[in-house]
Number of protein chains: 2
Amino acid sequence: MEQDSKKNIQDYEIDQCDFICVHENVVSQVLKVMPQDQELLDLADFFKVFGDATRIKILYVLSQSEMCVCDIANLLKMGQSAISHQLRVLKQMRLVKFRREGKTVFYSLADGHIESILAQGMEHINE
Amino acid sequence: MEQDSKKNIQDYEIDQCDFICVHENVVSQVLKVMPQDQELLDLADFFKVFGDATRIKILYVLSQSEMCVCDIANLLKMGQSAISHQLRVLKQMRLVKFRREGKTVFYSLADGHIESILAQGMEHINE
DNA sequence: TTATTATATGAATAAGTGTTCATATGTTTA
DNA sequence: TAAACATATGAACACTTATTCATATAATAA
C-alpha cells in the first residue's frame with residue numbers, strides 16, 4: 001500500500017525540481033482553474049506595452065488631451081520617428097485611436113480603461 | 001509685431017520636428033500637469049514586471065493560493081532557477097511576499113492591487 | 001559532522017526591444 | 001505639376017532581459 005501510493009505520487013510529478021517537494025493538492029487544484037496559456041500570453045503582451053517609459057509618457061499626455069505626433073515629440077523631447085514607432089505599438093494593442101485632419105494625425109486614448117490602469121499603477125508605487 | 005510674435009514662438013519650440021507643427025497651447029498646458037519624470041519611469045518599471053508571461057503566470061497562480069517555489073515550477077513546467085529569478089523581480093517590486101517554513105519558502109501576493117490590475121488587463125483583452 | 005533538500009544567485013548566452021537614420025507615403029499649397 | 005510638410009516605416013545598432021548551468025546558501029535529518 002505504502003509503495004503503491006508513493007508510485008502514484010511520482011507518476012503525477014513532473015521532473016521540474018531535482019527532488020520531490022511538490023504540494024500535490026495545491027498544484028492540482030490550481031491547475032484546474034488556470035486560464036488557457038494563450039490568454040496569459042496575451043495579458044503579458046498587453047502589460048508589456050505599459051512597461052516602457054516613452055509609451056507611458058505618451059499615454060499620460062494623451063490622457064490630458066488629444067494630440068498630434070509632433071506635439072508629443074516636442075513634449076517628450078524626442079524624435080518624431082521614435083514617437084511614431086511607439087504610437088504604432090499603442091495602436092496595435094488598441095490603446096490609442098486617431099483621426100486625420102489634413103496632414104496632421106491626432107491621437108487620443110482608446111477608452112477609459114487605460115487611465116484607470118495607469119491610476120492603479122500610480123497608487124501602487126506611491127505607497 | 002508680426003515678426004516679434006514669430007520670434008517668440010520659435011524660442012519656445014524645441015527642434016524635435018523638422019518643421020513647425022506644434023500646437024503651443026496644448027503643449028504648454030499639458031507640460032504644466034506632467035508628473036516628474038522619475039514618477040513616470042517608476043510607473044513604467046512597475047508595469048514592466050507584468051509584461052512577461054512567466055511573471056504573469058506566477059502572479060496568477062499565487063492569486064489562487066500561497067505556494068512554494070517548487071510548486072510554481074511544477075505548475076508552469078519550468079526550472080526552479082528560472083522561477084526563483086523571477087520571484088526575485090516580483091519581490092523587488094513588492095508584488096509578492098514570502099514566509100519561510102523550514103527549508104521551504106512560501107510566496108503569496110503582496111496585496112489586493114495586484115489581482116485588481118490583472119483583472120482590469122483581462123477585461124481589456126477580452127473585449 | 002555529513003548528507004540531503006529547497007531555494008538563491010552569478011555568469012553566459014540567446015532572444016527581444018527602442019532609438020536613430022534614411023527614406024517612403026500621403027496631404028496641402030504654390 | 002512641383003515643393004513643402006506631417007507622419008510612417010524598414011534596417012541597423014545598442015541595449016536589455018529571460019533562461020540555463022553551475023554553484024552557493026540555508027535548513028533539516030542522519
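Side-chain atoms are counted along with the backbone in the values below, which use heavy atoms only and exclude waters and symmetry mates. To find a chain, count down the sequence lines: A is the first, B the second, and so on, and within it residues start at 1.
- The distance from the CG atom of A:Leu41 to the CD atom of A:Gln36 is 10.5 Å, given to the nearest 0.5 Å.
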Scoring nucleotides 14-25 of chain C by protein non-hydrogen atoms under 4.0 Å (B base, S sugar-phosphate only, - none) yields ---SSSBBB---
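- Both B:Cys68 and A:Lys103 sit near DNA chain C, but only B:Cys68 has its closest nucleotide nearer the 5' end.
- A rotation axis mapping the C1' atoms of four pairs onto the next four is fitted at both ends of the helix from C:dT1-D:dA30 to C:dA30-D:dT1 over five pairs, and the angle between these axes is 10° to 10 degrees.
- Among the heavy atoms of the strands lying under 4.0 Å from B:Thr104 are primed sugar atoms or P, OP1, OP2 only; no base atom is included.
- Rounded to whole Å, the distance from CG on A:Leu41 to P on D:dA18 is 14 Å.
- Atom CG in B:Leu87 sits roughly 10 Å away from atom C1' in C:dT7 (whole-Å rounding).
- For the residue pair A:Ser116 / B:Gln120, a side-chain donor-acceptor distance below 3.5 Å is found, with atom types taken as modelled.
- Residues A:Glu39 and B:Ile125 share a closest heavy-atom pair of O-CD1, 3.8 Å.
- Note on A:Tyr107: every side-chain N or O is 4.0 Å or more away from OP1 and OP2 of D:dA6.
- A:Ile58 has its CD1 atom 11 Å from the P atom of D:dA8, to the nearest Å.
- No side-chain donor from either of B:Asn25 and B:Gln29 sits under 3.5 Å from a side-chain acceptor of the other.
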